[in-house]
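The structure is given below, and queries will be raised subsequently.
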Amino acid sequence: MRRQYPFDLFEPKWQQHWAAEETFRAFNPGEAVPAAHPFAVRHGLSGNVAATQLPPKFYILDMFPYPSGAGLHVGHPEGYTATDILARWRRAQGRHVLHPMGWDSFGLPAEQYAVKTGQHPRVTTEANITNFTRQIKSLGFSYDWSREVATTDPDYFRWTQWIFLQIYNSWFNPATNRAEPISTLAYPDGCDSEEQRRAHRDSKRLAFVSEAPVNWCPELGTVLANEEVIDGKSEVGGFPVFRKPMRQWMLRITAFAEKLLADLDTIDWSDSLKEMQRNWIGRSEGAEVDFQMDGHAAKIRVFTTRPDTLFGATYMVLSPEHKLVGEITTAGQRDAVKQYQEFAATRSDLERTELAKEKSGVFTGAHAINPVNGEKIPIWIADYVLATYGTGAIMAVPGHDTRDFEFAQKFNLPIVQVVAPLDSKTDWQGFIDDGTAVNSGFLDGMPTIEAQKKITAWLEEKNLGKKTINYKLRDWLFSRQRYWGEPFPIIWKRDASGNLYHEALPESALPLLPPALEDYKPTATGEPPLARAKEWVNLPDGAVRETNTMPQWAGSCWYYLRYLDTKCGTAFVNKDAESYWMGSTLSPISHSPSPKSTPGVDLYVGGTEHAVLHLLYARFWHKVLFDLGHVSTAEPFYKLVNQGLILGADGQKMSKSRGNVVNPDDVLVEYGADAFRLYEMFMGPLQDTKPWNTQGVAGVYKFLGRVWRLFVDEASETEFEQSLTATSAEKHGALLEAIKLSATLTDAEPTKEQLKVLHACIKKVTEDLDSMRFNTAISAMMVFVNEATAWKTRPRSVMRPFLQLLAPFAPHIAEELWAKLHAGQSAPSLGYEPWPAFDEALLIEDTLELPVQVNGKLRGHIIVPRGASNAEIERLALACERAQQFISGKEVKKFIIVPNRLVSIAVA
RNA sequence: GCGCCUAUGGCGGAAUUGGUAGACGCGCUACCUUGAGGUGGUAGUCUCGAAAGAGGUAGAGGUUCGAGUCCUCUUAGGCGCACCA
């Protein structure tokens, strides 16, 4: 396609201008604001400005990318463009905008490359960051690059390690319902020796060591968090995952389950995302019930959400890993039980879920007594009962639980009815909904809810059980057997009796750098790669370093806080900066025309793939930091929007194997950054999944060409085009300057019609930006351009505000035309010019055309003066020629007049 | 299996939230312009019909003067959870 306008010349030009001027730099409270900076000029500031003198903040954040070797994908700039448009718009509205970018640069690909080639991951990572930076900068985003961070930078991960130590040195106090320094922990009686006290402390820390079975992925050579395992396979790569007991670091996120759940109600996230977090946290209310063993001292505790069905419990099931199994199994069943336990242990998670259809299990030979009716019921083990949920044991109610029903049928266990469905035609077998209690002694006749309350009270009274809340959420497995991650600031020592214990490094030892290695593979014995660095691991006093590293999520848990104050060397973030950018006592809802600051990040945009990973982990860390008094809000991200996926032109997910990947670099060469940005926003609603269409880029590119020609003199542009080929590249800038404005641009007073077109556009664009409807905002600007193309003269007073509307979307062309429009004068800084206001009065017409409906069908139109009375409108409507034929000879039953909208006549 | 969401021209999508369905763009058609090509401009483009008109928002019912929008059922697609007791 022919070049519509010289974007190749002016796009780099304006990018350099913004970089040189530091146009989009944000200033922290107390920081010196240069008097010449456009932000200072706009707000009349200079010198060291206190937080109270700064305009209200607007913190708008993108999920920072992992800088992969493949470079930027068209999906990345989708969210970045949306946030950039809003950042530029809020800046024009007078907000103090913080819009940063950085790199989530620890990660597996660079390490895998290192294993293969021996090249240090830092080298690969830095090269990828350079490429990503070039690509992102070529799109003209208004980031404050002075605040760039990389999680792999020692000045950054020093504070990641520091925050880990805060977590390590804290415990969750149930009495105050918050995290507190470990020093506030009280010791139980008998905790006298230092060894005992240490053991007690270590068992309460928010970061603790556990020996439990974990998700081990041999292919990746590391353990994974529950959140990183999908259907028994690793989220990255799709490799099988096995359960294996290992000594691992865990973070006690479960202590925050209730807060993480409840505080969802205080933030403005999409319902679907909140639902995903709720599902993951998985709160369920029920009761714990103790079953006494028959002929054995042991008690078995179970968790149930349906205590009302206790009379229907005809057997019990323990998970194969349950600690009582060995103790209670009778001699005759010992071999069978042992065999089953081994069978269950060797099954991968994948096999466990895939084979879920067919129940399996073994009788232990032991019996328990049902506490409500004294019946002797058999105790089985089966892998459909999970060791890690509830108490690892259940009472089975086959009459009213699908899983128990299947199991009972397979093993011929008794099935009794204890709930009657409300609809008598429904089969009670396998009926799992609420109904009425039957065959349940003192519960008979009660609706399910009431029966639950009654039985729970009864259990509590008899000291046989109590009301309990359970969560699916598990503690966060926080260590990885990797090289390219933050080392733990932890060392291991032995006490007097030779037992290993861990100890935190002092803050002065941070950052703890990973050692240099020649081989990045794990060791032959399966230890993490860091174990190869013998000199690093073994300290002179005999202590050894922790050789696991933190997961990639660690760095992204708090990067939004580091942006507030990237250079701070004395804290992870300076308190004043934190409270200015994050804290807010203002109304938590942001709306034009007087937008107020919101608590935390005002707007966070990113993909939905982080719904239960990054977004849950970051909320957790933030809550710990909040409890410890390091941050001023309980939630990090006030409003969150997920951008939709961009598919290939074939409607399939973009992938190398399908060959449908669109590289932004290629689009930029042909159409430029402005057209690329505009197209990404014009495709459809930000949140929707939508396919790429290259011809669509050409469409918005043509639109920008029409904008260009509204302003530029045709003859001087033809001259420019012809001189280009004949002139050396370094003179092209001068040629660009020589392009003249069109003679159609005048200082004449705009017509009423021109004002109406402009103000309709201002209104639409402003309102659409407020609700993030970028596609319709662009369409409104297209309407304006279509109108303005037909105008013989174009008043500057109309065309100038139009450029301001266009500027957030297509900033380069807007700057270039803005500069031409103000040639010879000192041009105001486009990005900081006050956003145009619209005048509703200019949109009102003297007469209205109203549709006339008869019995709901459109039959004609009438022209009525504005403000006409209902009687007048009725008269005109009845006189409407086209409507007449449907009315005449019939009785008019009803007249409906929707003011300024339509007239509807109902006839018999 | 359970939960949530979506369904509008050949395509991407609009529709003031119950009030003129299809804005805007792509594609297509015709004409004009430019040295042909591409570019640029103008007009047209839901279906049937010469017209008047009729029909039309996945399908079937319902509420209403009036339904893409609200309610019920069905179908299709997407996302999430999935032996969580």
Side-chain angles (χ1 to χ4, degrees), chain A residues 1-4 230-231 270-280 282-284 286 302-306 309 317 319 352-353 355-357 359 382-386 388-397 400-404 406-407 432 470-474 608 611-612 645 649 651 678-679 682-685 688-700 702-703 705-706 709 714 764 767 773 775-783 785-786 789-790 849-861 882 885 892-898 900-907:
Chain A
M1 186 184 275
R2 203 201 95 185
R3 200 178 52 204
Q4 295 266 357
I230 295 169
D231 292 336
S270 74
D271 287 341
S272 66
L273 195 65
K274 286 185 181 183
E275 200 54 33
M276 281 164 76
Q277 292 225 337
R278 286 194 191 103
N279 282 342
W280 194 260
R283 181 185 199 272
S284 60
V302 302
F303 173 72
T304 175
T305 54
R306 291 296 299 270
T309 61
V317 187
S319 68
R352 266 179 103 128
T353 39
L355 298 173
K357 295 143 213 156
K359 292 275 179 292
D383 70 352
Y384 84 89
V385 173
L386 307 176
T388 45
Y389 183 76
T391 61
I394 61 155
M395 64 176 206
V397 184
H400 307 287
D401 181 283
T402 313
R403 298 149 300 182
D404 298 342
E406 285 170 9
F407 192 82
I432 57 168
N470 248 306
Y471 300 91
K472 283 194 331 195
L473 184 70
R474 307 293 152 74
T608 185
V612 292
L645 208 62
L678 211 57
Y679 176 64
F682 188 62
M683 292 170 80
D688 288 6
T689 299
K690 45 211 174 279
W692 184 268
N693 174 6
T694 301
Q695 278 170 327
V697 192
V700 292
K702 258 165 62 184
F703 159 71
R706 301 183 73 186
R709 291 190 296 274
E714 222 181 300
K764 182 77 177 141
E767 289 175 354
R773 288 182 308 215
N775 54 334
T776 51
I778 293 166
S779 120
M781 289 189 282
M782 288 172 167
V783 171
V785 168
N786 289 346
T789 301
E849 193 193 52
L850 291 185
V852 177
Q853 292 184 349
V854 179
N855 284 348
K857 284 190 198 277
L858 181 67
R859 294 307 185 187
H861 291 89
R882 296 216 319 133
Q885 53 180 308
V892 176
K893 289 200 305 188
K894 206 170 173 184
F895 238 101
I896 296 130
I897 297 173
V898 184
N900 303 331
R901 290 234 70 80
L902 63 52
V903 183
S904 187
I905 307 167
V907 298

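In what follows, chains are A, B, ... by sequence order, proteins preceding strands, each numbered from 1.
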A:Arg859 CZ - B:C65 C1' separation (whole Å):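 Answer to the nearest Å: 13 Å.
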Under-4.0 Å side-chain N/O to phosphate OP1/OP2 contact, A:Tyr389 with B:A85: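 Yes, A:Tyr389 has a side-chain N/O under 4.0 Å of OP1/OP2 on B:A85.
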Base-pairing mate for B:A50 - Watson-Crick or G-U, with both contacts under 3.5 Å: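 Matched B:A50 with nothing under the 3.5 Å cut-off.
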Candidates B:A85, B:C24, B:G19 - which lies nearest the side chain of A:Met782: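 Closest nucleotide to the A:Met782 side chain: B:C24.
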Separation between the P atoms of B:U72 and B:U6, rounded to whole Å: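 Those two atoms are separated by 14 Å.
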Syn/anti state of B:G9 by chi, 90° boundary around 0: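 Syn for B:G9; the angle stays within 90° of 0.
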Base paired to B:G3 (Watson-Crick or G-U; both N/O distances under 3.5 angstrom):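 Its partner is B:C79.
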Options B:A14, B:A85, B:U20, nucleotide nearest the side-chain atoms of A:Thr304: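 Closest nucleotide among those given: B:A85.
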A:Lys359 side chain, from C-beta outward: closest of B:A23, B:U20, B:C83: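 For the A:Lys359 side chain, the nearest candidate turns out to be B:C83.
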Sugar-phosphate, base or nothing in reach of A:Thr608, heavy atoms under 4.0 Å: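 If one applies the 4.0 Å heavy-atom cut-off, A:Thr608 turns out to touch nothing in the nucleic acid.
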A:Asn470 side chain near B:A85 phosphate (N/O to OP1/OP2, under 4.0 Å):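 Checking A:Asn470 against B:A85: no side-chain N or O falls below 4.0 Å of OP1 or OP2.
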Touch class at under 4.0 angstrom, heavy-atom based, for A:Asn786 against every strand present: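 Sugar-phosphate only.
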C1' atoms of B:G9 and B:C48, separation to the nearest Å: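 Here B:G9 and B:C48 have their C1' atoms 15 Å from each other.
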Integer angstrom distance from the C1' of B:A43 to that of B:U33: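 After rounding to an integer number of Å, I get 15 Å for this pair.
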B:C24 phosphate, OP1 or OP2, under 4.0 Å from A:Thr776 side-chain N/O: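 No.
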Any A:Gln277 side-chain nitrogen or oxygen under 4.0 Å from OP1 or OP2 of B:G80: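 For A:Gln277, the contact criterion (side-chain N or O under 4.0 Å from OP1 or OP2 of B:G80) is not met.
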A:Arg706 side chain to A:Gln4 side chain, donor-acceptor N/O pair below 3.5 angstrom: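 No - no donor-acceptor pair under 3.5 Å links their side chains.
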Presence of donor-acceptor pair under 3.5 Å, side chain of A:Lys472 and base of B:C81: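 No such pair is found, so the answer is no.
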Side-chain N or O of A:Lys894 closer than 4.0 Å to phosphate OP1/OP2 of B:U64: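 Checking B:U64 against A:Lys894, no side-chain N or O comes under 4.0 Å of OP1 or OP2.
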Distance-minimising heavy-atom pair for A:Arg306 and A:Ile432: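 Minimum heavy-atom separation between A:Arg306 and A:Ile432: NH1-O, 3.0 Å.
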Under 3.5 Å: donor-acceptor pair, side chain of A:Asn470, backbone of A:Ser284: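 Pair absent, no side-chain N/O of A:Asn470 close to backbone of A:Ser284.
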Side chain A:Arg901 and base B:U20 donor-acceptor under 3.5 Å: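 Between B:U20 and A:Arg901, which were checked side chain against base, a qualifying N/O pair under 3.5 Å is absent.
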Comparing A:Leu850 and A:Met683 on RNA chain B - which has the more 5′ nearest nucleotide: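 It is A:Met683, whose closest nucleotide lies nearer the 5' terminus.
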Nearest-nucleotide pick for A:Ser904, side chain only, options being B:A14, B:G19, B:C26: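 Selected nucleotide (nearest to the side chain): B:G19.
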Nearest-angstrom distance, P atom, B:A51 to B:A58: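 Taking atom P in both B:A51 and B:A58, they lie 28 Å apart.
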Which residue lies more 5' along RNA chain B, comparing A:Asn855 with A:Gly696 via nearest heavy atoms: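 It is A:Gly696, whose closest nucleotide lies nearer the 5' terminus.
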Interatomic distance at C1', B:G78 relative to B:C70, whole Å: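 Straight-line distance between the two C1' atoms is 24 Å.
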Distance in angstrom units between A:Leu273 CG and B:G80 C1', rounded: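 Going from CG in A:Leu273 over to C1' in B:G80 covers 11 Å.
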Ring geometry between A:Tyr384 and A:Phe407 (parallel below 30°, tilted from 30 to 60°, perpendicular above 60°):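 Ring orientation, 0 to 90° scale: tilted.
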d(CG, A:Leu858; C1', B:C65) in whole Å: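 Going from CG in A:Leu858 over to C1' in B:C65 covers 14 Å.
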B:A21 and B:A67, which share atom name P, separated by this distance in whole Å: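 B:A67 and B:A21 have their P atoms separated by 10 Å.
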Options B:A85, B:G40, B:G19, nucleotide nearest the side-chain atoms of A:Lys702: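 Comparing B:A85, B:G40, B:G19 against the side chain of A:Lys702, the answer is B:G40.
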Listed nucleotide nearest any side-chain atom of A:His861, set B:G41, B:U20, B:G80: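 For A:His861, the side-chain atoms sit closest to B:U20.
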Distance, P atom - from B:G56 to B:G44, rounded to whole angstrom: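 It comes out at 26 Å once rounded to the nearest Å.
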Touch class at under 4.0 angstrom, heavy-atom based, for A:Thr388 against every strand present: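 Here A:Thr388 touches no strand at all.
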Watson-Crick or G-U wobble mate for B:A30, both contacts under 3.5 Å: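 The answer is B:U42, by the H-bond criterion.
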Flag, side chain of A:Tyr679 to backbone of A:Gly699, donor-acceptor distance under 3.5 Å: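 Such a contact is absent between A:Tyr679 side chain and A:Gly699 backbone.
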Sugar-phosphate only, base, or nothing, as touched by A:Val783 at under 4.0 Å among non-hydrogen atoms: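 It contacts sugar-phosphate atoms only.
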Atom pair distance, as rounded to whole Å: CD1 in A:Ile905 and C1' in B:U20: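 Going from A:Ile905 (CD1) to B:U20 (C1'), I get 15 Å.
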Sugar-phosphate only, base, or nothing, as touched by A:Thr305 at under 4.0 Å among non-hydrogen atoms: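 Sugar-phosphate: the residue A:Thr305, judged by heavy atoms under 4.0 Å, touches backbone atoms but no base.
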Atom-pair distance (CD on A:Glu275; C1' on B:A82), nearest Å: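 Going from A:Glu275 (CD) to B:A82 (C1'), I get 14 Å.
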Distance, rounded to the nearest Å, where A:Asp401 contributes CG and B:C83 contributes P: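 Those two atoms, CG and P, are 13 Å apart.
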Flag, side chain of A:Lys690 to backbone of A:Pro685, donor-acceptor distance under 3.5 Å: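 Judged by distance alone, yes, a pair lies under 3.5 Å.
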Where the chi angle of B:U64 falls, syn if within 90° of 0 and anti if not: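 Anti conformation here, the glycosidic angle of B:U64 being more than 90° from 0.
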Min side-chain heavy-atom separation A:Asp401-A:Ile394 under 4.5 Å: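 Heavy-atom side-chain distance check fails, nothing below 4.5 Å.
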Closest non-hydrogen atom pair between A:Met395 and A:Thr304, with its separation: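 That closest heavy-atom pairing would be CE-OG1, 3.8 Å.
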Non-neighbouring partners of A:Arg901 that pass side-chain contact (heavy atoms from CB on, under 4.5 Å), sequence neighbours left out: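 So A:Arg901 forms a side-chain contact (heavy atoms from CB on, under 4.5 Å) with A:Val898.
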Selected nucleotide, minimal atom distance to A:Val385 side chain, candidates B:G40, B:G80, B:A85: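 So the side chain of A:Val385 is nearest to B:A85.
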Length of the line joining A:Phe682:CZ and B:C11:P, which is rounded to integer Å: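 My rounded result for the distance is 17 Å.
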Sugar-phosphate, base or nothing in reach of A:Gln695, heavy atoms under 4.0 Å: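 Sugar-phosphate, backbone atoms only, no base.
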Touch class at under 4.0 angstrom, heavy-atom based, for A:Arg283 against every strand present: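 Answer is nothing: A:Arg283 stays at 4.0 Å or more from every strand.
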Whole-Å gap separating P (B:C26) and CZ (A:Arg706):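 That distance rounds to 9 Å.
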Identified pairing partner of B:U20, criterion: Watson-Crick or G-U wobble below 3.5 Å: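 Answer to the pairing question: none, since B:U20 forms no Watson-Crick or G-U pair.
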Distance, C1' atom - from B:C81 to B:G61, rounded to whole angstrom: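 So the two C1' atoms sit 33 Å from each other.
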